[in-house]
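First the structure, in the form of structure tokens, and then the observations on it.
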Amino acid sequence: GRVFPVYHVIADIGEFGQGLIFPTRSGRLSDVHTVLLRNGERLRLLVANGTPETLSVFLHRAVAGGRIRVLDDSTAREAMDRPEAFRSGWDRFGGDRLEMRPYAIATLDFTED
């Protein structure tokens, strides 16, 4: 059935249940919130825009290649109504900047070089 959007955040963290959580810091401490997870060579970065504004978020070059899934107002309906389809809907990510809509949460997966 239908799920609350926070289900996806919990699932993203849960998939790294036996891994490690690393502290991260944003240059915009009150606006952008991040957490880095590691399980073996797999890395996952969660980035959240905590504001009602669209933000440009610049990422370290180490996360420039991988895949991304974004939960925001344009994807929330699918995320709630079709959670399995949303969770399998990854896009390629190859940049160092995210344009994040208000209150968006981006999940980036990559491997350590």
Side-chain angles (χ1 to χ4, degrees):
R2 191 165 220 218
V3 300
F4 288 103
V6 72
Y7 163 84
H8 296 288
V9 176
I10 294 167
D12 284 344
I13 294 169
E15 290 175 357
F16 280 67
Q18 298 301 314
L20 301 170
I21 299 175
F22 290 93
T24 56
R25 199 171 77 200
S26 163
R28 299 180 68 153
L29 294 176
S30 63
D31 297 341
V32 177
H33 310 282
T34 60
V35 64
L36 179 66
L37 309 169
R38 179 180 184 163
N39 193 337
E41 292 184 10
R42 291 181 55 216
L43 295 166
R44 175 168 285 170
L45 179 67
L46 282 84
V47 181
N49 175 358
T51 75
E53 307 294 327
T54 297
L55 296 178
S56 289
V57 177
F58 294 90
L59 302 172
H60 189 278
R61 69 181 184 279
V63 298
R67 62 185 189 163
I68 186 170
R69 182 180 59 233
V70 178
L71 177 58
D72 62 20
D73 61 343
S74 70
T75 60
R77 181 164 303 277
E78 179 183 23
M80 291 187 296
D81 294 343
R82 299 178 47 227
E84 296 85 12
F86 172 77
R87 295 198 59 71
S88 65
W90 293 93
D91 293 316
R92 297 295 308 157
F93 181 75
D96 63 354
R97 185 176 91 167
L98 293 174
E99 287 296 319
M100 296 193 67
R101 297 171 66 104
Y103 305 112
I105 300 172
T107 301
L108 295 102
D109 276 2
F110 52 98
T111 55
E112 188 172 36
D113 291 337

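These values consider heavy atoms only, across backbone and side chains, with no hydrogens, waters or symmetry-generated copies.
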Apply side chain to side chain contact (heavy atoms under 4.5 Å, CB included) to residues L45 and T34 and explain how you reach the verdict. CA-CA 7 Å; L45 179 67; T34 60; 4.3 Å; yes
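- Smallest separation of non-hydrogen atoms from P102 and P52: CG-O, 3.3 Å.
- Environment of CZ in R77: sparse, with no more than 12 heavy atoms of neighbouring residues, nucleotides or ligands closer than 6.0 Å.
- With contacts defined as side-chain heavy-atom distances shorter than 4.5 Å, the pair I105/D72 does not qualify.
- A pairwise comparison of heavy atoms in V70 and F86 identifies O-CE1, 3.5 Å as the closest pair.
- With sequence neighbours excluded, the residues satisfying side chain to side chain donor-acceptor pair (under 3.5 Å) with D81 are R2.
- Residues L59 and L98 form a side-chain contact, since some pair of their non-hydrogen atoms from C-beta on lies under 4.5 Å apart.
- For the atom pair CZ of R69 and CZ of F93, the computed distance is 14.5 Å after rounding to the nearest 0.5 Å.
- In the hydrophobic clustering, where aliphatic and aromatic side chains (Ile, Leu, Val, Met, Phe, Trp, Tyr) are joined below 4.5 Å either directly or transitively, Y7 groups with V3.
- Residues D109 and R42 are in side-chain contact: their nearest non-hydrogen atoms beyond the backbone lie under 4.5 Å apart.
- Residues that satisfy the salt bridge (charged side-chain N to carboxylate O under 4.0 Å, His left out) test with R87, not counting sequence neighbours, are D12, E15.
- Residues that satisfy the salt bridge (charged side-chain N to carboxylate O under 4.0 Å, His left out) test with E99, not counting sequence neighbours, are R97.
- Between atom NE2 of residue H8 and atom CD1 of residue I10 there is a gap of 10.5 Å, rounded to the nearest 0.5 Å.
- At least one side-chain heavy atom of M80 sits less than 4.5 Å from a side-chain heavy atom of P5.
- A continuous path of ILVMFWY side-chain contacts below 4.5 Å connects F16 to V35, so both sit in one hydrophobic cluster.
- One finds the OH atom of Y103 at 14.5 Å from the CG atom of L71 (value rounded to the nearest 0.5 Å).
- Looking at L37 and I13, their side chains come closer than 4.5 Å, going by heavy atoms from C-beta outward.
- Considering all non-hydrogen atoms of both residues, N39 and G19 come closest at ND2-N, 4.0 Å.
- Here the rule is side-chain contact (heavy atoms from CB on, under 4.5 Å) with V32, and of N49, T51, V47, T24 only V47 fits it.
- Contact between T107 and W90 at its shortest, heavy atoms only, is O-CZ3, 3.5 Å.
- With sequence neighbours excluded, the residues forming a salt bridge (charged side-chain N to carboxylate O under 4.0 Å, His left out) with D73 are R101, listed by chain and number.
- Residues F110 and I68 form no side-chain contact, since every pair of their non-hydrogen atoms from C-beta on lies 4.5 Å or further apart.
- Not a single salt bridge (charged side-chain N to carboxylate O under 4.0 Å, His left out) links R92 to another residue, sequence neighbours left out.
- A heavy-atom distance below 4.5 Å is not found between the side chains of L36 and I21.
- Remark: F22 CZ is packed, more than 12 non-hydrogen atoms of other residues, nucleotides or ligands lying under 6.0 Å away.
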